[in-house]
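These numbers come from a predicted model, not from an experiment. Counting from 1, the numbers follow the sequence of the chain as shown.
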Amino acid sequence: MKAKKLKKIKAFKKIFVALLILVFMTVPVNAQAAIQTGKYETVTAAANAAREDILQHKPLITVYIKSKINDPETVFYEFRDEVFKETANGDEGDYMYWDINKEYPTYVYKSGKVGNTTYYYYTFKSQIYYFTTLQQKLQVDQRVKELIAGFGFTAETTDYEKVKTIYDYICNNVTYADDINKDIVYTSWSALFNGEAVCQGYAQLLYRMLKEVGISTRVIPGWGSGSDINHGWNIVKLGDYYYNVDATWDAQYAEKNQPYQFFLKGDNFLLHTRFDEYNTPEFYANYPMAASDYGITITPQASAASQRASFSIIKPKFKSVSGKKIRLTKVVGAYKYQIKYSTKKTFKKKTTKTVNTKKRTYKIKKIKKNRKYYVKFRAYKYIDGIKTYTQWSKIKKTKIK
């Protein structure tokens with residue numbers, strides 16, 4: 001398929017968190033009085049409540065969050081990530097996230113001390129516009145259950161067979177929308193009931209149906225064909241790893257009797273580039289990708305990016321630090337350990353010495369007596385020729401006598 005033809009099937013619309021409007025002044029109040037109102041909750045509790053409101057398509061969501069963090073944007077995005085995290089429910093997670101067309105959040109916060117600790121009491125209000133109505137959401141829920149029941153899956157049906165059956169249904173029953181300016185074509189509702197959608201609707205429907213049969217999946221937004229035109233697809237878990245699938249593009253190939261061009265592909269997904277948010281070590285560690293396409297090897301392996309991600313998020317620990325002697329806890333797979341020690345906690349270059357060693361017991365050298373030293377370490381190894389480090393350990397202080 002040529003690049004020009006792909007342009008038609010790459011529309012992907014999302015305007016979530018359009019603006020975090022900073023319109024309210026900070027108002028210091030008596031913290032104890034705020035606590036007594038009983039409104040302020042943890043991020044998790046507030047997210048759970050908001051998730052239920054969004055499931056009911058409420059247009060205005062209000063939450064109250066108590067935090068030690070004096071940064072409304074940080075707290076808001078922590079709350080947002082918790083609201084839209086993947087759960088076992090098919091109408092939550094990415095399905096819910098991609099049903100929101102626009103959101104306009106505002107906030108006000110109050111601060112006060114409890115003992116020696118300062119707390120911040122945030123009130124976040126979000127005006128939300130959905131792609132579908134609540135009635136349409138309920139229609140999707142019912143239709144998905146009917147379809148899954150009609151497939152006749154049993155306890156002996158493999159996950160691969162479930163994925164392929166659902167994928168085939170979508171590719172054979174949904175066509176790409178001619179008019180991409182209609183909001184409804186960005187939804188699973190349009191895919192199911194109108195038989196047409198853009199890639200967002202394809203990916204959302206695949207997510208909804210796979211979650212209904214207990215298969216982990218994510219919607220991945222990005223670019224198609226290496227261009228700057230937005231596109232979306234899914235990753236699907238089979239066994240220990242995730243594989244790329246693109247029902248939108250495969251539906252086009254199915255019409256030409258050339259199916260499965262973009263089905264269960266490994267991490268090197270031709271003509272697909274993820275947005276940065278879905279290309280982080282944390283994301284890859286949580287959703288490890290297979291190195292090869294499904295069925296290519298008897299024993300699938302994690303892709304190099306997934307291996308690097310899993311290694312890079314490790315935070316190693318000291319076994320002990322006493323005087324000159326440092327003992328490190330083993331990091332599985334490490335090639336060497338890098339140790340830094342300094343008379344300054346900031347580890348300024350002039351005061352810091354760096355050692356690379358394979359040993360996990362080490363005596364620091366070239367130091368002055370009767371001085372305090374700060375020590376930290378990390379491990380590293382080579383993955384696909386790239387030197388990959390873990391995080392730094394916590395900093396330990398030691399006195400050299």
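- For residues 283-292, the set of pairs meeting the salt bridge (charged side-chain N to carboxylate O under 4.0 Å, His left out) definition, not counting sequence neighbours, is empty.
- Ring pair Y176/Y202 is parallel by interplanar angle, where below 30° counts as parallel and above 60° as perpendicular.
- Rounded to the nearest 0.5 angstrom, D99 CG and Q200 CD are separated by 9.0 Å.
- More than 12 heavy-atom neighbours from other residues, nucleotides or ligands sit within 6.0 angstrom of CZ on F193.
- The NZ atom of K394 sits 7.5 Å away from the NZ atom of K315 when rounded to the nearest 0.5 Å.
- Although no hydrogens or angles enter the test, the distance criterion places a donor-acceptor pair under 3.5 Å between the side chain of T352 and the main chain of F347.
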Is there a side chain to side chain donor-acceptor pair (under 3.5 Å) between Y104 and K102 once you walk through the steps? CA-CA 7 Å; Y104 299 100; K102 303 178 187 126; 5.0 Å; no
Go through the steps for S342 and T351 under the test side chain to side chain donor-acceptor pair (under 3.5 Å), then give the verdict. CA-CA 5 Å; S342 175; T351 64; 2.8 Å; yes
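- Judged purely by atom type and a 3.5 angstrom limit, Q391 uses its side chain to pair as donor or acceptor with the backbone of I313.
- The shortest side-chain heavy-atom distance between Q56 and L134 falls under the 4.5 Å cut-off.
- In this structure, the side chain of T165 does not engage the main chain of K162 through any donor-acceptor pair within 3.5 Å.
- Annotation: the span from K265 atom NZ to L270 atom CG amounts to 9.0 Å, rounded to 0.5 Å.
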S188 and Y95: side chain to side chain donor-acceptor pair (under 3.5 Å), yes or no, with the steps? CA-CA 9 Å; S188 60; Y95 181 85; 3.3 Å; yes
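- With contacts defined as side-chain heavy-atom distances shorter than 4.5 Å, the pair V63/F79 qualifies.
- Under the rule for a side chain to side chain contact (heavy atoms under 4.5 Å, CB included), the partners of K359 that lie at least two apart in sequence or sit in another chain are T357.
- Under a 3.5 Å cut-off, the side chain of S306 and the backbone N or O of M289 do form a donor-acceptor pair.
- In this structure, H231 has its ring center under 6.0 Å from that of W249.
- I395 CD1 to K340 NZ: the interatomic distance, rounded to the nearest 0.5 Å, is 11.5 Å.
- Residues satisfying the salt bridge (charged side-chain N to carboxylate O under 4.0 Å, His left out) test with R143, not counting sequence neighbours, are E146.
- The side chain to side chain contact (heavy atoms under 4.5 Å, CB included) check on K358 picks up Y335, K336, with sequence neighbours excluded.
- At least one donor-acceptor pair under 3.5 Å links the side chain of T388 to the backbone N or O of I386.
- The closest side-chain heavy-atom distance from N194 to W189 is below 4.5 Å.
- Neither side chain, Y120 nor D71, offers a donor N or O lying under 3.5 Å from an acceptor on the other.
- Shown here are the side chain to side chain contact (heavy atoms under 4.5 Å, CB included) partners of E86, two or more places apart in sequence or in another chain: Y207, K211, S216, R218, Y287.
- Considering only heavy atoms from C-beta on, Y243 comes within 4.5 Å of P300 through its side chain.
- Using a 4.5 Å heavy-atom threshold, the side chains of Q261 and D246 count as separate.
- With sequence neighbours left out, the salt bridge (charged side-chain N to carboxylate O under 4.0 Å, His left out) criterion links K164 to D168.
- Checking side-chain atoms of Q136 against main-chain N and O of T133 turns up a donor-acceptor pair under 3.5 Å.
- Although no hydrogens or angles enter the test, the distance criterion places a donor-acceptor pair under 3.5 Å between the side chain of Y341 and the main chain of K365.
- Of the possible polar contacts, one joining the N244 side chain to the G266 backbone as a donor-acceptor pair under 3.5 Å is found.
- Two residues are said to be in side-chain contact when any heavy atoms from C-beta on lie closer than 4.5 Å; K353 and Y373 fail this criterion.
- The closest side-chain heavy-atom distance from C171 to Y167 is below 4.5 Å.
- In this structure a side-chain-to-backbone donor-acceptor pair under 3.5 Å is missing from N101 to Y130.
- Applying the salt bridge (charged side-chain N to carboxylate O under 4.0 Å, His left out) test to pairs two or more places apart or on separate chains, those with a residue in residues 191-207 are K182-E196.
- Atoms OG1 and CD1, on T42 and I65 in that order, are 8.0 Å from each other to the nearest 0.5 Å.
- The aromatic ring centroids of W223 and F275 lie less than 6.0 Å from each other.
- Taking both residues in full, the closest heavy atoms of V219 and Y278 are given as O-CE2, 3.8 Å, listed atom of the first, atom of the second, then distance.
- Look at K145 and E212 and you find a salt bridge, because one of the NZ, NE, NH1 or NH2 atoms lies within 4.0 Å of a carboxylate O, short of that distance.
- Shown here are the salt bridge (charged side-chain N to carboxylate O under 4.0 Å, His left out) partners of K125, two or more places apart in sequence or in another chain: there are none.
- Applying the salt bridge (charged side-chain N to carboxylate O under 4.0 Å, His left out) test to pairs two or more places apart or on separate chains, none has a residue in residues 276-286.
- A donor-acceptor pair shorter than 3.5 Å cannot be found between the side chains of T187 and S190.
- Under the 3.5 Å distance criterion, the side-chain polar atoms of R51 are matched with a main-chain donor or acceptor of E82.
- Of all heavy-atom pairs between S126 and F76, the closest is OG-CE1, 4.2 Å.
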Evaluate the criterion ring-ring contact (aromatic ring centres under 6.0 Å, His included) for residue pair Y160 and Y294; output intermediate values, then yes/no. CA-CA 10 Å; Y160 169 79; Y294 186 80; 5.3 Å; yes
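- Remark: the Y389 side chain and the K387 side chain contain an N/O donor-acceptor pair separated by less than 3.5 Å.
- Taking the centre and axis of the six-membered ring of F124, the NZ or CZ atom of R80 falls outside the cone set by 45° and 6.0 Å.
- For D141, the CG atom is densely surrounded, since the number of other residues' heavy atoms within 6.0 Å is greater than 12.
- At a threshold of 4.5 Å between non-hydrogen side-chain atoms, the residues V355 and F377 do not count as touching.
- Applying the side chain to side chain contact (heavy atoms under 4.5 Å, CB included) criterion to D53, with sequence neighbours excluded, gives K58, I61.
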Kindly indicate, with the supporting measurements, whether the criterion side chain to side chain donor-acceptor pair (under 3.5 Å) is fulfilled by S310 and Q307. CA-CA 5 Å; S310 297; Q307 292 179 50; over 6 Å; no
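- Stacking of K66 on the aromatic ring of Y119 is recorded, both the 6.0 Å distance cut-off and the 45° axial limit being met.
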Distance-only criterion, 3.5 Å: show the donor-acceptor pairs between side-chain atoms of residues 322-333 and protein atoms not counting sequence neighbours.
from	atom 1	to	atom 2	distance (Å)
T329	OG1	K317	O	3.1

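- Residue pairs meeting the salt bridge (charged side-chain N to carboxylate O under 4.0 Å, His left out) criterion with at least one partner in residues 374-386, sequence neighbours excluded, are absent.
- Using a cut-off of 4.0 Å between Lys/Arg side-chain N and Asp/Glu carboxylate O, D91 and K137 are scored as salt-bridged.
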